[in-house]
Amino acid sequence: MTPDPLLIVKDLKVYFDTDQGMAKAVDGVSFRVGQGETVCLVGESGCGKTVSALSILGLLPQPPAQIAGGKVFFKGRDLLELEQKDLREVRGREISMVFQEPMTSLNPVFTIGHQIEEVITTHEGVDQIESRQRIIRLLNDVGIASPEERMQDYPHNLSGGQRQRVMIAMALACSPELIIADEPTTALDVTIQAQILNLFKELQEDRGMAILQITHDLSVVAGVADRIYVMYAGIMVEEGSVWQIFREPCHPYTMGLLESLPGRRAKGQDLATIPGAVPDPANKPPGCPFHPRCRYVQESCRVQFPEMCDFSDRHLARCPIMYAKRKVQSA
Amino acid sequence: MKEDSSGNNVILKVQGLKKYFPVRRGVLQRVIGWIMAVDGVDLELSGGKTLGLVGESGCGKSTLARLILKLVEPDAGNIFFRGEEITGLSRVEMKPYRRFMQIIFQDPFGSLNPRMTVGQSIEEGLRAVGVGSLEQRRRRVVELLEMVGIPALAAQRYPHEFSGGQRQRIGIARALSVDPELIICDEPVSALDVSIQAQILNLLRSLQEGLGLTYIFIAHDLHVVEYVSDNVAIMYLGHIMEYGPAEVVYSQHLHPYSSALLEAAPVPDPSAKRSWTPLAGDVPSPFNPPPGCKFQNRCPLVEDRCRKGEITLYEVNGAHRVRCWKVLGR
């Protein structure tokens, strides 16, 4: 069953004007998030995953960024066409965001109760008594003990995990249909990370919201994602279900990433590596941007930008070479 | 090389190491309590092996590393390097030992001087320990750079011209310049992307084989630690909770905290569905912890007696030790 797409990003292009030239941080990226789905955007630093997410909500300062093309449909409306005023209505109410470092996204001089209240009163005309009750319920939902007292606390009174819970409470305040979470557990310790990931899962089961999670951590992805999009150097290189990506990765980059995880390799053996490093976004190689690091590289990869190839049911990868190889194998 | 009674070549031995940091408040800056960063740690490390230190923030793993290097002075306990006690040594007396003990940090950019070329940075260490003439030192720099997989021409360039992975290689070259025996790797791959992380881990492994290095490897990524370590110590609030050979600690861990920690680590496999409830509560602050077991307020097996007496590390079998009486049926 394919859920109705809630968010459709089509051929999004975000460029940055830099001293070194035009950096094509996101260069034609498409993905979709269905209702109630957890979708993960995965990739290493500089692959454009965060830029893609921020431009959905118009959160990138322009300039230096410029949206050079593409559409972002949310429930049929193109968010890129909206006025700031209308976009503000969408932000927080229909789509909200959770960031990596809760300390920098919370205001240190206001109590957390005040900050959650701000979200509620901005979007909904509710009185103080009702908003107070909502805050207490929200804090309770995200697993903060004795919420009546905690809402008087300032961010510095809370631990990292509790701050992230408060951020999630703020994100949930207006019951959005989509939460964009950018590396929500990267700054947390493992046991706390497990708590937060569990919390997301429970909330999703209760409320049926969709989650777009952006992360570099493949282990986290394996546990939470329904669908995965793998990005490299500003383009989408592979997409598929969590099973397709982990069991039968088709793009050499995805294969390399999975093989270089230490958990999969016996001790005393060298880890598989991807040679070289991610290209400079202002100076990408021609053809397939991954070709200088690819072990299956052929002449055509150096000149021709690869097409997305359809490997199996909704499992796509941008590699005609692997596509031909698999064809031969299965024939 | 010194051999101990069991025939192992013990390079580092630590006994009852403690470090308490005072917490001061008020106008008079009176001490109102102590942060027990490291609270009685015993360790023994054989040459050519890797000890992995695991634990969440505030567990004291980095303080322990700094104590071993004598970058901070311990409040109690002894440190022996190659059988010689280095605990009370002054800065000057420490100098001859320094070259044998080096450290690699998480962010090599923070530890390389941006105004010095890579060659100058590496050469500085050599000069400090008085290696040869300028010509010999230059040759050694080239040799070191090649050893870590950086072209020799890079010696002329500045740190900002390199990527994160390359900078970590330069940090490693610098640590290697003085022929150390023990290298403390403090989160050496945490800031790196997965594909680069694998390159650095492979490099550290081949250097260990080639040069017989001993590592203390600190990382929060439990899979990385499992991959690199011979022995693993799991720390919690300044105590070692469980210690043993890596494969034993990872597959037959006994301490309730070890279980909670290791099972919380996400696995890169979608079929590994979670059947457990994550450990509740936050990592408590190391400020004035309660008497008795430090894990008592998060422990699912806690009993009254855990809140009273001090619990020691009990031997399970061989090198495997655990700081919990409950799981041993005592």
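We use all heavy atoms of the structure for the numbers below, so side chains are in, but hydrogens, waters and symmetry mates are not. The chains referred to below are lettered A, B, ... by the order of the sequence lines, with proteins before strands, and numbering in each begins at 1.
- Using a 4.5 Å cut-off between heavy atoms, B:L261 contacts chain A through both its backbone and its side chain.
- Partners of B:S163 according to the side-chain contact (heavy atoms from CB on, under 4.5 Å) rule, which considers only residues two or more places apart in sequence or in another chain, are B:Q166.
- For chain A, the option among B:G55, B:A246, B:S229 with the highest count of heavy-atom pairs below 4.5 Å is B:S229.
- Chain B forms more heavy-atom pairs under 4.5 Å with one residue of A:G43, A:G276, A:A277 than with any other, namely A:G276.
- A heavy-atom distance below 4.5 Å is not found between the side chains of A:L261 and B:H223.
- Ranked by non-hydrogen atom pairs under 4.5 Å with chain A, the options B:Q197, B:Q199, B:R298 are led by B:Q199.
- Taking CG of A:L271 as the start and CG of B:L203 as the end, the distance is 12.0 Å to the nearest 0.5 Å.
- For the pair B:P268/A:V221, no side-chain contact is recorded, criterion being any heavy-atom separation below 4.5 Å from C-beta on.
- Side-chain contact between A:E259 and B:V194 is absent, with no heavy atoms from C-beta onward closer than 4.5 Å.
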Trace of the side-chain contact (heavy atoms from CB on, under 4.5 Å) decision for A:T191 with B:E263: CA-CA 9 Å; A:T191 57; B:E263 278 156 33; over 6 Å; no
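- Within the structure, salt bridge (Lys or Arg N to Asp or Glu O under 4.0 Å) contacts touching residues 158-171 of chain B (residues at least two apart or in different chains) are B:R157-B:E161.
- Of the possible donor and acceptor atoms, none in the side chain of B:N202 sits under 3.5 Å from a partner among the backbone N and O of A:D270.
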